[in-house]
Asks: 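I have a structure here, written as structure tokens, and I will follow up with some questions on it.
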Amino acid sequence: MENMLKLCFLSLLLLSPFAFSELCNPSDKKALLQIKKDFNNPNAAVFPSWNLAIDCCDWNGIECDSNTNRVISLTIITDDSLSGQIPPAVGDLPYLQTLEFHKLPKLTGPIPPAITKLTNLKELYLSWNNLSGSVPDFFPQLTSLEFLDLSFNNLSGRIPSSLSQIPNLQSLRLDRNRLTGPIPDSFGYFKQKGIGLDLSHNQLSGPIPASLARLEPERIFLSRNKLIGDAYMLFGANKSTQQIDISRNMFSFDLSKVEFPTSNLIMVDLNHNQIYGSIPQQIIQVDFLQIFNVSYNRLCGEIPQGGRLQRFDNTTYFHNKCLCGSPLPSCK
């Protein structure tokens, strides 16, 4: 009878949630609980599962490494109730590879220097928030960083030239902020020549640095700024660039002298500038062009016939000085 009771007690103990050994590292749990505290323990959608009765590797927005059980990803997205600044305690998750705070309209303040402690960080997404202050110049300390997205915030000031020193950066998004000043000359010297670069919807000014000719960006978006001068260095028949959008600036250059990338180009948007000359015949060699817009410029001459150019309607070409030919009226 005594053995039977012991067996029953042991069975109940094993079924108890407190009998299972916790996988989450204690120091990681401490940092996460501090993050929750710094957000004033809100009733945010992510936080109800952040309690001591649940292994922190199973908390919402948390991912742990399957071998080490260290926290490697922290994701908090789409929550109107969460408010405050980015907690410095995020820097106390040393194995973090992905940090994402996205669509948190009450997330305010600057980007904290504590992030520089995350030496294993590969992806940093701080987008669609209300962050303010300048773009920090400490990001090169994150030597593993590959994706940096600070878009849709209220960041201001100049773009730090140091961003080009992030050795493994593959994608940089600074769009939809209030950034001013020129594009740094150093941006022609990213270690990854095929970087994706989005600086659109800011208040950048001045000419594009000639150093950008060194790059073959997968995409480069510069639209809706106050940029001037020539943009020839973004083009080249042998480049592997897929998307170029320099619309709604004040660029002024002879389009007839431009050679378009022919291998992978799918998008060219040049609308609302002061670009002159004619559309070069060479563009009909671009086989996969899906978006093309040269409207609201000062172009003249006949639209080249062939390739994919006649697949676009007249809105692609209208409001120029004297462009003609299909899909516009015939040349006289």
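Residue numbers run from 1 in the order of the sequence given.
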Asks: Is it possible for you to say whether L99 and I86 belong to one hydrophobic cluster, with membership spreading through side-chain heavy-atom contacts below 4.5 Å?
Replies: yes
Asks: What pair of heavy atoms forms the shortest contact from N51 to W59, and how long is it?
Replies: O-NE1, 3.4 Å
Asks: Measure the spacing between CG of L323 and OG of S295 and express it to the nearest 0.5 Å.
Replies: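 Answer for the CG-OG pair, L323 versus S295, is 10.5 Å.
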Asks: Above 12 or not: heavy atoms from other molecules or residues under 6.0 Å from CZ of F288?
Replies: no
Asks: Tell me the closest heavy-atom pair linking P110 and Q85, and the distance in Å.
Replies: CD-OE1, 3.7 Å
Asks: Could you grab the distance from atom CD of Q203 to atom NZ of K226, nearest 0.5 Å is fine?
Replies: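 Answer for the CD-NZ pair, Q203 versus K226, is 5.0 Å.
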Asks: Can you tell me how far apart CG (L33) and NZ (K29) are? Round to the nearest 0.5 Å.
Replies: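 Here the rounded value is 6.5 Å.
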Asks: Could you check whether any side-chain N or O of T180 sits under 3.5 Å from a backbone N or O of L204, counting only pairs where one atom can act as donor and the other as acceptor?
Replies: no
Asks: Can the ring centres of Y276 and F253 be said to be less than 6.0 Å apart?
Replies: no
Asks: Locate the shortest heavy-atom distance separating F39 from P87; write the atom from each residue and the value.
Replies: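 Smallest heavy-atom distance, with atoms named: CZ-CD, 3.6 Å.
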Asks: Does any part of the side chain of L155, heavy atoms only, come nearer than 4.5 Å to the side chain of L174, both counted from C-beta?
Replies: no
Asks: Backbone N or O of T98 within a donor-acceptor pair of the K122 side chain at under 3.5 Å?
Replies: no
Asks: Is it the case that the side chains of E216 and S240 hold a donor-acceptor pair, with the cut-off being a distance below 3.5 Å and no angle test?
Replies: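 Yes, because at least one side-chain N or O of S240 sits under 3.5 Å from a partner of the opposite role on E216.
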Asks: Are there over 12 heavy-atom neighbours, none belonging to R158, within less than 6.0 Å of that residue's CZ?
Replies: no
Asks: Relative to the ring of F260, is the ring of F235 parallel (under 30°), tilted (30 to 60°) or perpendicular (over 60°)?
Replies: perpendicular
Asks: With the side chain counted from C-beta on, respond yes when L172 and F147 share a heavy-atom pair under 4.5 Å apart, and no when they do not.
Replies: no
Asks: Less than 4.5 Å apart, side chain to side chain, heavy atoms only: is that true for Q141 and I115?
Replies: no
Asks: Could you state the interatomic distance from CG (D230) to NZ (K257), rounded to the nearest 0.5 Å?
Replies: 9.5 Å
Asks: Look at atom CG of N238 and say whether more than 12 heavy atoms of other residues, nucleotides or ligands are closer to it than 6.0 Å.
Replies: no
Asks: Under 6.0 Å from the CZ atom of R178, do we count more than 12 heavy atoms belonging to anything else shown?
Replies: no
Asks: Minimum heavy-atom separation for M267 to L289, with atom names?
Replies: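 Of all heavy-atom pairs spanning M267 and L289, the closest is N-CD1, 4.0 Å.
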Asks: Is Y296 linked to I279 within one hydrophobic cluster, defined over Ile, Leu, Val, Met, Phe, Trp and Tyr using a side-chain heavy-atom separation of less than 4.5 Å?
Replies: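 No, Y296 does not connect to I279 through the hydrophobic network.
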Asks: Taking N129 for the side chain and F101 for the main chain, is one N or O donor matched with an acceptor at less than 3.5 Å?
Replies: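 Indeed, once roles are kept as given, a pair shorter than 3.5 Å links the two residues.
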Asks: At their closest point, which heavy atom of Y317 faces which heavy atom of P327, and how far apart are they?
Replies: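 Shortest heavy-atom contact: CE1-CD, 3.4 Å.
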Asks: Verify the cluster assignment for M233 and L197: are they in a single hydrophobic cluster under the rule of side-chain heavy atoms below 4.5 Å apart?
Replies: yes
Asks: Under a 4.0 Å N-O cut-off, is there an ion pair linking R219 with D198?
Replies: no
Asks: How about C57 and C64 - are their SG atoms less than 2.5 Å from one another?
Replies: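 Their SG atoms fall under 2.5 Å; a disulfide, then.
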Asks: So how far is it from E218 CD to Q192 CD, rounded to the nearest 0.5 Å?
Replies: 12.0 Å
Asks: Answer with yes or no whether the hydrophobic clustering places F152 together with L124; edges join I, L, V, M, F, W, Y residues whose side-chain heavy atoms lie under 4.5 Å apart.
Replies: no
Asks: Just by distance, do the side chain of D175 and the backbone of S200 share a donor-acceptor pair under 3.5 Å?
Replies: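 Not confirmed, D175 side chain does not pair with S200 backbone.
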Asks: Could you go through L328 and N320, starting from their C-alpha distance and side-chain angles, then the distance that decides it, and tell me whether this counts as side-chain contact (heavy atoms from CB on, under 4.5 Å)?
Replies: CA-CA 11 Å; L328 296 180; N320 272 284; over 6 Å; no
Asks: Among the clusters formed by ILVMFWY side chains lying less than 4.5 Å apart, do L118 and F138 turn up in the same one?
Replies: yes
Asks: So among V71, D92, V90, which one has a side chain to side chain contact (heavy atoms under 4.5 Å, CB included) with L32?
Replies: V71
Asks: Side chains of I291 and I266: does their closest heavy-atom pair fall under 4.5 Å?
Replies: no
Asks: Keeping D245 on the side-chain end and F221 on the backbone end, is there a donor-acceptor pair under 3.5 Å?
Replies: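 Such a contact is absent between D245 side chain and F221 backbone.
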Asks: Donor-acceptor check, side chain of T241 to backbone of P217, threshold 3.5 angstrom: yes or no?
Replies: yes
Asks: Return yes if a side-chain donor-acceptor contact under 3.5 Å exists between D185 and S211, otherwise no.
Replies: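 D185 vs S211: donor-acceptor pair found between side chains.
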Asks: If you look at every heavy atom in S263 and K239, which pair is closest and at what distance?
Replies: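 Residues S263 and K239, closest heavy atoms: OG-O, 3.5 Å.
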Asks: Is the side chain of N225 donor-acceptor paired with the backbone N or O of S223 at a distance under 3.5 Å, no angle test?
Replies: yes
Asks: For atom OH of Y95, decide whether the heavy atoms of other residues, nucleotides or ligands shown that lie under 6.0 angstrom number more than 12.
Replies: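 Atom OH in Y95 is not crowded, with 12 or fewer foreign heavy atoms closer than 6.0 Å.
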Asks: Are L104 and I76 close enough, and set up right, to give a side-chain contact (heavy atoms from CB on, under 4.5 Å), and what steps lead you there?
Replies: CA-CA 8 Å; L104 308 175; I76 302 178; 4.1 Å; yes
Asks: Do the side chain of N273 and the main chain of N249 share a donor and acceptor less than 3.5 angstrom apart?
Replies: yes
Asks: Can you tell me which residue pairs pass the salt bridge (charged side-chain N to carboxylate O under 4.0 Å, His left out) test with a partner in residues 279-304, sequence neighbours excluded?
Replies: none
Asks: Do side-chain atoms of N153 reach the backbone of L126 as a donor and acceptor pair under 3.5 angstrom?
Replies: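 Present.
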Asks: Measure the CD-CZ distance between E63 and R70 for me, rounded to the nearest 0.5 Å.
Replies: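 Spacing of CD (E63) from CZ (R70) equals 14.5 Å.
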Asks: Please assess L270 against L255 for the test side-chain contact (heavy atoms from CB on, under 4.5 Å), listing each intermediate value before the final yes or no.
Replies: CA-CA 10 Å; L270 312 179; L255 187 63; 3.8 Å; yes
Asks: Is there side-chain contact between D80 and P105, with heavy atoms separated by less than 4.5 Å?
Replies: yes
Asks: For residues L145 and T143, determine if any side-chain heavy atom of one lies less than 4.5 Å from a side-chain heavy atom of the other.
Replies: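 Not touching, per the 4.5 Å side-chain cut-off.
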Asks: Parallel, tilted or perpendicular, judged at 30° and 60°: which one describes the rings of W128 and H102?
Replies: perpendicular
Asks: Is a donor on one side and an acceptor on the other found under 3.5 Å between the side chain of S186 and the backbone of S161?
Replies: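 Yes, because the side chain of S186 sits within donor-acceptor range (under 3.5 Å) of the backbone of S161.
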Asks: Check step by step if side-chain contact (heavy atoms from CB on, under 4.5 Å) holds for I77 and K103.
Replies: CA-CA 6 Å; I77 62 173; K103 282 195 174 181; 5.7 Å; no
Asks: Are V135 and L150 close enough that some pair of their side-chain heavy atoms sits under 4.5 Å apart?
Replies: yes
Asks: Counting C-beta onward and ignoring hydrogens, is there a side-chain heavy-atom pair between I220 and L212 closer than 4.5 Å?
Replies: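 Sidechains of L212 and I220: in contact.
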